[in-house]
Protein chains: 4
Amino acid sequence: MQGRARCAVMPAFSGPLELREYPLRMDPEPGASWVRVEAAGVCGTDVHLWKGQLPVPLPLIMGHETVGRIECLGEGLTHDWSQNPLGVGDRVTWSSGVFCNSCYFCKVKVNPSRCIDRKAYGISYNCDESPHFLGGYAEYIYLRPGTAIFKLPHTLSTEAVVGSGCALVTAVHGLERLRIEWNDVVVIQGTGPVGISALALAKSSGAQIVIVVGGPDHRLAIAKRFGADYRVNIDQLTSPSHRIERVKELCADHGAPYGPDVVIECAGVPEAFAEGIEMVRDGGKYLVLGHYADAGALRFNPHWITRKQITIYGSWASEPRHMYAALQFLESNPKEFPFELLVTHRFPLERADDALQATAKWTSGKSVIVPHGD
Amino acid sequence: MQGRARCAVMPAFSGPLELREYPLRMDPEPGASWVRVEAAGVCGTDVHLWKGQLPVPLPLIMGHETVGRIECLGEGLTHDWSQNPLGVGDRVTWSSGVFCNSCYFCKVKVNPSRCIDRKAYGISYNCDESPHFLGGYAEYIYLRPGTAIFKLPHTLSTEAVVGSGCALVTAVHGLERLRIEWNDVVVIQGTGPVGISALALAKSSGAQIVIVVGGPDHRLAIAKRFGADYRVNIDQLTSPSHRIERVKELCADHGAPYGPDVVIECAGVPEAFAEGIEMVRDGGKYLVLGHYADAGALRFNPHWITRKQITIYGSWASEPRHMYAALQFLESNPKEFPFELLVTHRFPLERADDALQATAKWTSGKSVIVPHGD
Amino acid sequence: MQGRARCAVMPAFSGPLELREYPLRMDPEPGASWVRVEAAGVCGTDVHLWKGQLPVPLPLIMGHETVGRIECLGEGLTHDWSQNPLGVGDRVTWSSGVFCNSCYFCKVKVNPSRCIDRKAYGISYNCDESPHFLGGYAEYIYLRPGTAIFKLPHTLSTEAVVGSGCALVTAVHGLERLRIEWNDVVVIQGTGPVGISALALAKSSGAQIVIVVGGPDHRLAIAKRFGADYRVNIDQLTSPSHRIERVKELCADHGAPYGPDVVIECAGVPEAFAEGIEMVRDGGKYLVLGHYADAGALRFNPHWITRKQITIYGSWASEPRHMYAALQFLESNPKEFPFELLVTHRFPLERADDALQATAKWTSGKSVIVPHGD
Amino acid sequence: MQGRARCAVMPAFSGPLELREYPLRMDPEPGASWVRVEAAGVCGTDVHLWKGQLPVPLPLIMGHETVGRIECLGEGLTHDWSQNPLGVGDRVTWSSGVFCNSCYFCKVKVNPSRCIDRKAYGISYNCDESPHFLGGYAEYIYLRPGTAIFKLPHTLSTEAVVGSGCALVTAVHGLERLRIEWNDVVVIQGTGPVGISALALAKSSGAQIVIVVGGPDHRLAIAKRFGADYRVNIDQLTSPSHRIERVKELCADHGAPYGPDVVIECAGVPEAFAEGIEMVRDGGKYLVLGHYADAGALRFNPHWITRKQITIYGSWASEPRHMYAALQFLESNPKEFPFELLVTHRFPLERADDALQATAKWTSGKSVIVPHGD
């Protein structure tokens with residue numbers, strides 16, 4: 001197939017997205033494929049990218065959490081990452097990050113998410129360069145050789161996959177780093193997609209109780225639906241010290257008189273870091289999961305780390321095996337964790353900018369771009 | 001025995017220590033003992049206490065790393081912590097911290113160094129209150145029931161024990177939390193007693209190379225004697241970015257092209273925290289060991305933790321089992337790690353203030369107070 | 001209170017239990033207490049003791065999983081292990097094991113369940129010696145100083161506590177050693193109380209699916225009630241190779257094509273060991289939890305351990321903190337894991353032997369002795 | 001280059017090796033290379049292969065620990081595994097195992113040494129099939145695409161690399177699984193190459209003392225040279241119970257009154273398994289490293305695992321990153337651990353059978369085949 005296809009492009013930081021067309025040549029190199037996009041999630045990270053908080057090339061087609069159907073397969077691409085046969089028309093998703101498999105981090109340290117040459121769809125590619133279509137906000141996307149593609153089972157809806165998005169795989173990776181132990185009392189800071197994903201994982205990882213600290217109301221309602229035992233509304237308790245006090249009271253009611261065993265930061269706001277460290281009990285664990293982008297610095301006293309004897313974990317992005325596990329999890333727990341409910345707004349491609357703004361202003365649960373209509 | 005005994009007292013923060021006398025009644029309660037002090041180390045923490053950087057009662061007899069001889073044993077105190085028989089005249093040292101063994105941290109979380117009712121000799125007791133002598137800067141010290149006492153073997157000198165002081169047990173605990181893995185490239189920030197102790201442990205824990213960043217020259221010389229593979233002099237490389245650059249060059253020469261696997265902070269200066277986190281390779285580990293006292297805050301960006309995917313450990317004080325291990329280590333490695341060499345200055349009790357100032361000004365390796373003369 | 005009280009005594013291995021009376025003097029030493037027994041569970045270990053498979057003194061009052069009410073408190077015993085106030089009439093349970101807190105395993109290695117001087121109620125005491133009553137199969141029991149007593153909340157029934165018995169705390173300890181990771185595919189060998197407890201913990205620890213291998217039917221029904229995703233009936237699939245094949249098929253249906261990530265042995269039969277090791281996938285984990293007693297040897301090839309690259313964990317008894325967590329768990333999850341349902345048979349003290357035989361012959365879920373009637 | 005080259009072939013189990021010629025065509029496929037063999041180590045595993053204790057194709061050119069020089073590079077093969085430039089004439093070694101990088105163990109479980117399609121030089125290839133030369137006992141060897149090749153620095157002798165052989169990388173992997181902790185008391189069963197390698201790693205990983213149990217005398221002498229603190233001669237103490245007693249006495253002298261913290265099995269004899277488990281202290285760790293081949297079963301009681309509360313680790317083969325670390329270790333510690341001293345016998349290719357028999361009869365430290373003479 002030849003011709004042109006449409007996409008939503010970010011030509012400059014902090015300005016509106018534009019609808020553009022680029023030439024499309026569907027002759028994939030060996031191991032590559034072309035996919036027709038069904039739905040592209042708008043991630044909070046896209047808002048950070050739009051604000052220029054991570055170094056990305058311009059112009060850029062964003063979109064790193066996408067579901068589509070195989071349109072065309074390059075030579076040798078016969079199976080998906082899990083060794084399932086792959087054919088034209090199959091509905092698929094894929095890991096946004098593609099690793100080099102040969103650098104120090106990929107090979108020597110087995111730490112591929114820190115691959116020196118990592119490229120990510122929707123993040124790393126200037127769309128003026130061929131093959132142009134390397135982000136999800138478009139009618140088609142080109143998947144390069146080495147992409148970890150996952151064929152989706154019929155039992156798994158596109159909404160659930162896009163609704164969980166990169167938030168769920170990020171949380172799977174994060175909670176692999178900070179292991180929740182059976183009976184832990186857990187606090188989650190933030191009720192955006194990463195927070196909701198961390199909540200789902202904590203609830204299914206043996207946490208005794210999970211307290212979420214977040215807002216606004218519609219997100220707290222989702223947290224309740226996903227099983228949050230308690231919800232602390234930051235719009236009501238606006239002072240960090242009051243929130244810490246409230247959390248410690250709740251913990252004390254559950255046999256944890258000095259605060260939570262585990263705090264998971266999914267807020268992306270610098271001040272949350274100090275609040276979370278003050279919240280966690282001495283000897284506890286803290287995961288900084290929400291700072292994928294650079295949202296700035298805060299004043300911080302390292303004495304707290306020594307005196308409280310805590311452990312702090314960072315976790316960046318994810319690996320394909322985290323998506324493998326995430327998809328299994330979605331398939332196994334559709335009733336307990338209905339991620340499709342997170343998708344509250346759907347936009348055609350020409351309204352991609354509205355989709356982004358809805359996410360930026362926290363008015364949507366999750367915005368999704370549907371390039372070919374419903 | 002009855003009478004009076006002398007001690008060096010801190011009556012107020014940041015003022016001179018005073019020589020005082022208090023009444024001495026040698027009738028220990030069951031499980032307690034009186035010890036005649038042979039040598040009391042002056043720890044960097046004492047300088048922090050003197051500056052008022054930790055909440056302590058006043059007046060205070062400082063001194064939490066002490067060796068002495070049993071003068072008098074209370075009923076039922078027949079064996080030391082390791083179940084060795086204990087008698088009058090035995091040379092001993094002891095853990096400065098005494099735990100309650102019944103609080104949440106002692107029992108439920110097995111985290112006794114964060115015991116809610118932890119008391120420490122030389123730190124927690126107002127010396128105006130009987131039995132007055134609960135710090136090492138004195139002729140005698142009273143060891144309360146439950147103190148972890150260790151009888152010293154003849155092969156272990158008083159100088160080696162006081163020279164290693166609380167620094168070594170602190171480092172044993174710290175490196176139990178952040179485990180050095182075989183072949184790790186390790187950087188240590190700071191060449192005070194904690195830094196030298198961490199160096200000794202890293203060298204004997206499978207580190208491929210250990211780089212120390214510190215000063216002044218006399219401390220770097222000790223670091224060299226203790227096996228530091230490379231020494232970066234902070235008096236010569238005064239800029240953090242130059243030090244980071246130098247460290248990364250050295251790492252690259254040893255198969256670690258992106259920086260050290262492990263950085264251990266033993267500097268106690270807030271800015272060291274940011275420098276260490278920038279130094280460590282992505283996916284690496286960082287131990288904040290030198291911030292026992294509150295030395296203030298710095299500006300810090302939590303994005304680094306997420307993006308670098310690191311793990312940060314805090315470690316507070318130590319447990320008796322760490323001293324058990326530390327004494328074994330001293331006894332097993334006298335030639336490789338001659339901790340007695342750290343003791344460069346000896347002071348009589350009446351010059352305790354000079355001893356403290358020598359430590360504050362970093363003019364000594366380790367100052368020791370010898371209350372009864374040599 | 002003075003007088004005599006009744007108890008069920010094992011005078012010799014493999015013979016009938018006898019009803020006896022011993023003198024009772026209710027003047028507990030400081031820190032001790034007398035408890036009026038409400039219910040004493042009959043544990044599978046009691047059957048092993050009765051068969052002479054562990055070295056125990058004779059005559060013996062068995063019973064190490066007991067609930068009762070405080071009848072009399074020794075001086076100084078004012079709070080339970082969790083620091084709750086304790087008074088006469090309070091309903092309590094306690095850890096069967098009492099540790100010395102001073103041996104190498106208690107102190108140096110922080111491994112108290114292997115305490116050199118560990119004593120256990122119902123196991124370690126010759127009942128001919130005063131104070132006689134140190135096992136649960138009796139009207140009263142004497143709790144020595146240092147016993148970890150837990151006051152039971154009103155929301156927790158005696159049946160649930162005795163129904164979970166020492167099986168649950170054993171499983172809490174075992175699964176602390178072999179950590180189940182989120183999304184693990186888990187197999188449990190055995191559907192006795194330890195197996196059912198391990199099932200409850202696995203289901204609440206993030207296991208993707210839990211397959212139990214056991215029988216007879218009434219125990220498989222309990223496993224189903226406790227959430228076992230699949231049940232393999234050993235009375236139907238009598239050959240190990242067929243069971244292994246069946247388990248691997250089920251695993252393959254859940255993304256684990258080479259067998260379970262984790263196998264937990266709760267069967268107590270030597271042959272289960274080889275079967276479990278063959279079952280677990282390469283690189284997986286195996287917990288040997290059911291061999292508290294010596295049930296004999298089997299032929300085993302250590303090559304399997306190397307070639308399969310597995311990790312095998314042993315776990316012995318439990319610590320008080322495991323009971324603290326177990327009671328929290330029972331209280332938090334009454335509907336999901338109704339341990340009181342395990343109690344299927346109740347016996348008066350004079351029928352203690354029948355209670356033991358019901359357990360030996362697997363005809364009961366759990367037999368309980370009720371010394372004072374319902 | 002075209003022609004024929006010589007190799008030593010095993011045509012049948014337990015019979016003599018034969019010298020054969022096969023056609024040689026030096027036109028490697030892309031990513032592959034031809035290497036001129038300088039030295040091929042004879043591994044204990046080769047003896048097991050010769051006895052038919054692992055399933056291998058026949059006829060077979062054995063030899064999986066080899067050093068040679070690049071003779072010819074296929075297209076695209078420009079750098080070694082560590083990203084060093086690679087050219088004709090470079091002296092290299094390589095990982096014997098080549099992984100598929102796409103199976104469940106390679107991808108989902110990140111457990112590549114258990115790769116479903118793992119192939120190993122000297123083990124997996126029928127030499128009647130082209131390109132014939134896929135084992136080290138030959139003048140040339142063909143390295144297939146994907147082989148992890150390591151260019152050797154000038155400072156690292158061929159003897160040291162072949163002397164450490166696959167034993168060192170096996171031990172690096174094994175000790176990554178069972179982490180030795182600082183201050184551990186360690187016992188190593190066996191003084192063959194794996195035992196000596198484990199000794200070197202234990203000595204450099206923070207072990208307080210390392211006791212080796214092995215023989216004959218010439219191997220114990222090597223163990224002494226590599227720093228074994230104590231040596232227990234199995235030819236003198238022929239009874240397991242006497243050896244266990246002796247080891248426990250030595251441990252008790254070093255603060256470990258109940259036996260070693262860690263036992264590492266490197267003996268390859270089934271009975272060593274029971275002896276090692278009896279030796280290790282309660283709560284300790286046991287690594288089964290020497291059972292790469294199936295040397296048969298023994299009678300074993302799983303009760304020991306529960307009662308002693310131990311952890312048992314298996315470890316199979318190694319990954320390229322273990323060789324990366326091993327080569328760094330060899331380069332960093334030439335004086336402390338002179339692996340070249342293990343090479344005691346050198347044989348021309350036509351005497352490959354003698355080389356194998358010298359290893360089988362334990363008359364050599366390490367036998368090496370030198371196909372082109374010295």
Side-chain angles (χ1 to χ4, degrees), chain C residues 53-54 103-105 108-111 113-116 170 173-174 177-178 255-258 261 265 268-274 276-277 281-317, chain D residues 53-54 103-105 108-111 113-116 170 173-174 177-178 255-258 261 265 268-274 276-277 281-317:
Chain C
Q53 292 176 350
L54 274 179
C103 75
Y104 180 76
F105 291 108
V108 179
K109 295 297 170 185
V110 199
N111 229 323
S113 64
R114 296 305 304 146
C115 169
I116 293 300
T170 296
H173 187 198
R177 300 237 326 117
L178 172 154
Y258 300 98
D261 299 297
E265 183 279 323
V269 178
E271 289 68 29
F273 180 72
I277 283 183
R281 72 161 171 86
D282 287 11
K285 300 192 286 188
Y286 188 57
L287 173 62
V288 187
L289 194 58
H291 278 78
Y292 190 88
D294 180 350
L298 79 161
R299 279 200 74 74
F300 174 71
N301 192 330
H303 169 58
W304 297 351
I305 298 175
T306 302
R307 197 196 63 218
K308 296 193 75 164
Q309 195 164 291
I310 54 176
T311 311
I312 303 173
Y313 301 83
S315 181
W316 173 262
Chain D
Q53 292 176 349
L54 276 179
C103 75
Y104 181 76
F105 291 108
V108 180
K109 295 297 170 185
V110 198
N111 229 322
S113 63
R114 295 305 306 147
C115 169
I116 294 300
T170 296
H173 187 198
R177 300 239 325 119
L178 172 154
Y258 300 98
D261 300 297
E265 184 278 322
V269 178
E271 289 69 28
F273 179 72
I277 282 183
R281 71 160 171 88
D282 287 9
K285 300 192 286 187
Y286 189 57
L287 173 62
V288 187
L289 194 57
H291 278 77
Y292 190 88
D294 180 350
L298 80 161
R299 278 199 76 73
F300 173 72
N301 191 330
H303 169 58
W304 298 352
I305 298 175
T306 301
R307 198 194 62 218
K308 298 194 74 165
Q309 195 164 289
I310 53 176
T311 312
I312 304 174
Y313 302 83
S315 181
W316 173 262

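Lettering of chains follows the sequences in order, A, B, ..., and the numbering in each one begins at 1. Keep in mind that the numbers below use all heavy atoms, side chains included, and drop hydrogens, waters and symmetry copies.
For a residue to count as touching a neighbouring chain, one of its non-hydrogen atoms must lie under 4.5 Å from one of that chain's; by this rule C:F273 touches chain D with the side chain only. Of the atoms belonging to D:L54, it is side-chain heavy atoms, and not backbone ones, that fall under 4.5 Å from chain C. Neither the backbone nor the side chain of C:A272 comes within contact range of chain D; no heavy atoms are under 4.5 Å apart.
Most heavy-atom pairs under 4.5 Å with chain D: of the set C:A293, C:P270, C:G290, this distinction falls to C:A293. Comparing D:L178, D:D261, D:L287 by how many heavy-atom pairs each has under 4.5 Å with chain C, the most go to D:D261. The residue among C:Q53, C:H173, C:E265 with the most heavy atom pairs within less than 4.5 Å of chain D is C:H173.
Panel note: side chain D:T306, backbone C:Y292; no donor-acceptor pair is recorded below 3.5 Å.
In this structure C:Y258 satisfies the ring-ring contact (aromatic ring centres under 6.0 Å, His included) test together with D:Y104, D:F105, sequence neighbours excluded.
A salt bridge (Lys or Arg N to Asp or Glu O under 4.0 Å) check over residues 282-297 of chain D, counting only residues at least two apart or in different chains, returns the pairs C:R114-D:D282, D:E181-D:K285.
With values rounded to the nearest 0.5 angstrom, C:R281 atom CZ is found 4.5 Å from D:K109 atom NZ.
Closest approach of C:Q309 to D:S113, counting heavy atoms only: OE1-OG, 2.8 Å.
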- D:R177/C:T311 under side chain to side chain contact (heavy atoms under 4.5 Å, CB included): CA gap, chis, key distance, verdict: CA-CA 9 Å; D:R177 300 239 325 119; C:T311 311; 2.8 Å; yes
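Under the side chain to side chain contact (heavy atoms under 4.5 Å, CB included) test applied with C:P302, the options D:L298, D:V269, D:I277 reduce to a single match, D:L298.
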